[in-house]
Each structure stands twice: as structure tokens, then as C-alpha cells.
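Structure record follows, encoded as C-alpha cells.
Heavy atoms only: backbone and side chains are in, while hydrogens, waters and symmetry mates are out. What you are looking at is a predicted structure, and each value in this text was computed from that prediction instead of being measured.
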Amino acid sequence: MPARELVVLGTASQVPTRQRNQNGYVLRWDGEGILFDPGEGSQRQMLHAGVSAHDLTRICVTHFHGDHSLGLAGVIQRINLDRVPHPVTAHYPASGQGYFDRLRHATAYRETVSLKEEPVTGDGVLAVTADFTLEARRLSHPVESYGYRLTEPDGRRMLPDRLAEHGIAGPDIGRLQREGVLSGVTLAEVSELRRGQRFAFVMDTRMCEAVPELADGCDLLVIESTFQDQDAAIAEEYGHLTAGQAAAVARDAGVRHLVLTHFSQRYPEPAGFEEQARAAGFTGGLTIAADLARVPVPGRR
């Protein structure tokens, strides 16, 4: 199993269909498991997808429409029922605190897990770990909504030919990495920059400045395309994107792999979304999300 991958729990907007559960996505990122927008039925979809409650370390909710949050009650209770041994952090719009409280305490259960609430109050950094920085940006939707972006720190890749040229081998390589210089040879002379990987999650929004900011340079972008291009006026009215709009953002942002999801029930077949994404000029990797699909984060270049 890839150490970094997206697990799709559901792809439907507003209501489930015969083929699509309501929203739900799990990002596996090394030792972290981030659950995004758990709609109704997410707990059961996790079982089908092979995702355990123990896998979850964070929950990120973009906004408090039901198809993005009604599954919180079941997931939170499952985390406690299974006695997850580590703290779980929840990020969500601070304006929806009342909704979160009611979902967290929807019924009686025994709380056994540390669920840390860290509401989002505006644009900026939410968390910094050794493996990534998690940020949020305000989107444009009828209710307060945020997109999330995860950025891995840049590192350095050692170059064997240059190490050999300077006679550096064995433990001396580690020493050079720690100290930055060895016998007059700098780390920069025998290595090259390795850009950290980037992931973004953009749900319910019309086009706004935050969308390309979140998408910029992403290795994997998960973005809503509720409507097809012929329904652009409806998308704008209700605060959503079309397939062509989402793909154009990915094209201009240099996204390597694009995942389109959150499909309106008016489109029983997904073929049109792929056609419109390609027509918009996006040439990178493309996934039209399906329930229980797994999408690896592209390997480093």
C-alpha cells in the first residue's frame, strides 16, 4: 500500500445516489490519516475501503452543509468505541461551532479518546509537524467554507557522483548533512534541492482567489466539479465549480494529478466530466472519482 494516497469514501453532492455515497475522503500521508468532509455513511464506507478508525489522526471539515458533515457523529463515536490510542485533531469553520457540538454529542456514548478541537478562524497555518504544514484558505460559498492545503518541507537529494568526486562516503555523508560543511565541501556542492510534495482539498466554492492559491504546484489536487460546463450559471448561483473551471485551475497551477469529485445527481454518468476537463487543456494525470477508489500521490520527480 502506498505511504501517500487518497482513499475516496463518497463522491455525491447534496444527496447519495444508487452509485455514490455522500462525500468522504481519507488522505494517508506517511503516519497521518486525515479524514476530509465525512458525509452521511462515511463510517460504513471506511469499512468497505479498509480504513480503520485507528488510522485517523485529523478530521478536516470544509463547511457545515450536511453532505460534508453529517457523518461526523458516527465517525467520532467509532473513534471512541475503538479506543483509538492517540489524540485526534478536528479542524472546521469556527462559525459552525454549534453544528460541530451537536454532531459530536448527537447521542450518548462513552468518550475514551482525546478529540482536540482546533476551529479555523481565518486564512493561515493550522498546524506544523515534522512532515508537513497544514493551511486553510477561505472559499466562496453561501456558508463559511475553507479549503485545505498540505505542504511537505523541502529537502535535499544527495548526488553520488559529486560525493565520490570529493571523496565523501559512509558516515561522513551523514555528518555533512547534519553540519552543512565537511573539510571545506558544502552540502550544496554535493546535493540538490528536493521539493516537498503538496496536496490540496477544495470543496464547495465558486471561483475565487483562494482556489488557485490552494492548487498552486500541487502534486495531487482534489477539487469539486459539481456541475458540467453547460450549467455554469447554476454553478455560480449556488457557489460551485464546473469540470472545465476546475481543470483550468489545475492547468494554470501546474497540478500533476487532478481528482474531480462532488458530482450533482443530475449527471448519472461521469464521462462528460473527463471530456470537459481535457477540453479545458489539462494534460496531467486525471481521476474522475468513484466511491472506494484509491489514488496514489504521484512520486517525486
Side-chain angles (χ1 to χ4, degrees), residues 13 23-27 29 32-39 56-72 75-76 87-105 114-154 196-224 226 235-241 245-246 249-250 252-253 255 261-262:
S13 69
N23 273 286
Y25 312 84
V26 175
L27 177 67
W29 191 276
E32 292 254 3
I34 307 175
L35 173 63
F36 291 93
D37 280 8
L56 303 182
T57 56
R58 293 180 189 271
I59 300 172
C60 292
V61 178
T62 59
H63 66 293
F64 283 100
H65 277 154
D67 55 327
H68 298 260
S69 61
L70 282 175
L72 273 171
V75 170
I76 290 173
V88 177
T89 303
H91 304 285
Y92 51 87
S95 61
Q97 185 68 54
Y99 299 121
F100 185 87
D101 292 343
R102 288 194 286 275
L103 288 163
R104 180 175 182 176
H105 301 290
S114 171
L115 180 61
K116 302 192 298 182
E117 299 181 16
E118 296 187 1
V120 182
T121 57
D123 291 357
V125 173
L126 303 176
V128 179
T129 75
D131 298 319
F132 61 79
T133 297
L134 180 66
E135 302 171 80
R137 293 287 186 277
R138 177 75 181 268
L139 298 170
S140 176
H141 198 53
V143 300
E144 187 174 14
S145 183
Y146 286 91
Y148 295 95
R149 177 179 168 92
L150 184 152
T151 305
E152 179 184 32
D154 292 337
Q197 291 189 304
R198 305 173 189 184
F199 166 88
F201 185 82
V202 180
M203 282 296 120
D204 296 18
T205 183
R206 59 177 61 86
M207 193 57 65
C208 63
E209 289 183 2
V211 176
E213 290 175 355
L214 289 161
D216 183 42
C218 278
D219 296 278
L220 186 65
L221 170 65
V222 181
I223 187 169
E224 71 121 310
T226 308
E236 175 69 20
E237 179 182 358
Y238 289 99
H240 288 289
L241 297 172
Q245 287 175 325
V249 168
D252 294 343
V255 169
T261 188
H262 193 267

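- Among residues at least two apart or in separate chains, there is no salt bridge (Lys or Arg N to Asp or Glu O under 4.0 Å) pair with a member in residues 62-71.
- At distances below 3.5 Å, not a single donor-acceptor pair connects side-chain atoms of Tyr146 with backbone N or O atoms of Asp123.
- Rounding to the nearest 0.5 Å gives a distance of 7.5 Å between OG1 of Thr129 and CG of Leu150.
- Heavy-atom minimum distance, Tyr148 versus His91: OH-O, 3.5 Å.
- For Pro212 against Val249, the heavy-atom pair with the smallest separation is CA-CG1, 4.1 Å.
- Minimum interatomic distance between Ala246 and Glu224 (heavy atoms only, all atoms of both residues): CB-O, 3.9 Å.
- The shortest side-chain heavy-atom distance between Thr62 and Phe201 falls under the 4.5 Å cut-off.
- With values rounded to the nearest 0.5 angstrom, Ser69 atom OG is found 8.0 Å from Asp37 atom CG.
- Residues passing the side chain to side chain contact (heavy atoms under 4.5 Å, CB included) test with Glu236 are Arg206, sequence neighbours excluded.
- No side-chain donor-acceptor contact under 3.5 Å links Glu152 to the backbone of Gly196.
- Take Asp101 and apply the side chain to side chain contact (heavy atoms under 4.5 Å, CB included) test, not counting sequence neighbours, and it matches Gln97, Glu117.
- Here the side chain of His141 pairs a donor or acceptor atom with the backbone of Gly239 at under 3.5 angstrom.
- For Glu32 and Thr57, the side-chain atoms include at least one donor-acceptor pair closer than 3.5 Å.
- Residue His65 holds its NE2 atom at 8.5 Å from OH of Tyr99, rounded to the nearest 0.5 Å.
- To the nearest 0.5 angstrom, Ser13 atom OG is 7.5 Å from His68 atom NE2.
- Atom CG of Asn23 and atom CZ of Phe36 lie 12.5 Å apart (nearest 0.5 Å).
- Contact between Arg198 and Thr151 at its shortest, heavy atoms only, is CG-CG2, 4.1 Å.
- The two residues Gln245 and Leu241 come nearest to each other via the heavy atoms OE1-CA, 3.4 Å.
- Under the rule for a salt bridge (Lys or Arg N to Asp or Glu O under 4.0 Å), Asp204 has no partner lying at least two apart in sequence or in another chain.
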**Prompt:** For Phe100 and Leu72, what are the C-alpha separation, side-chain angles and deciding distance, and is it a side-chain contact (heavy atoms from CB on, under 4.5 Å)?
**Reply:** CA-CA 8 Å; Phe100 185 87; Leu72 273 171; 4.1 Å; yes
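- When the side chain to side chain contact (heavy atoms under 4.5 Å, CB included) test is applied to Pro87, the partners found at least two apart in sequence or on another chain are Ser114, Lys116.
- Contact detail for Ser140 and Thr205: the closest heavy-atom pair is N-OG1, 3.0 Å.
- Here Ile34 contributes atom CD1 and Ile59 contributes atom CD1; the two are 11.0 Å apart, rounded to the nearest 0.5 Å.
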Donor-acceptor contacts, no H, no angles, side chain residues 130-139, under 3.5 Å, sequence neighbours left out:
unit_1, atom_1, unit_2, atom_2, d
Glu135, OE1, Arg137, NH2, 3.4

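- The closest side-chain heavy-atom distance from Ile223 to Val255 is not below 4.5 Å.
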**Message:** The test is side-chain hydrogen bond (donor to acceptor under 3.5 Å, both in side chains); show your working for Tyr25 and Thr261 and say whether it passes.
**Reply:** CA-CA 10 Å; Tyr25 312 84; Thr261 188; 2.8 Å; yes
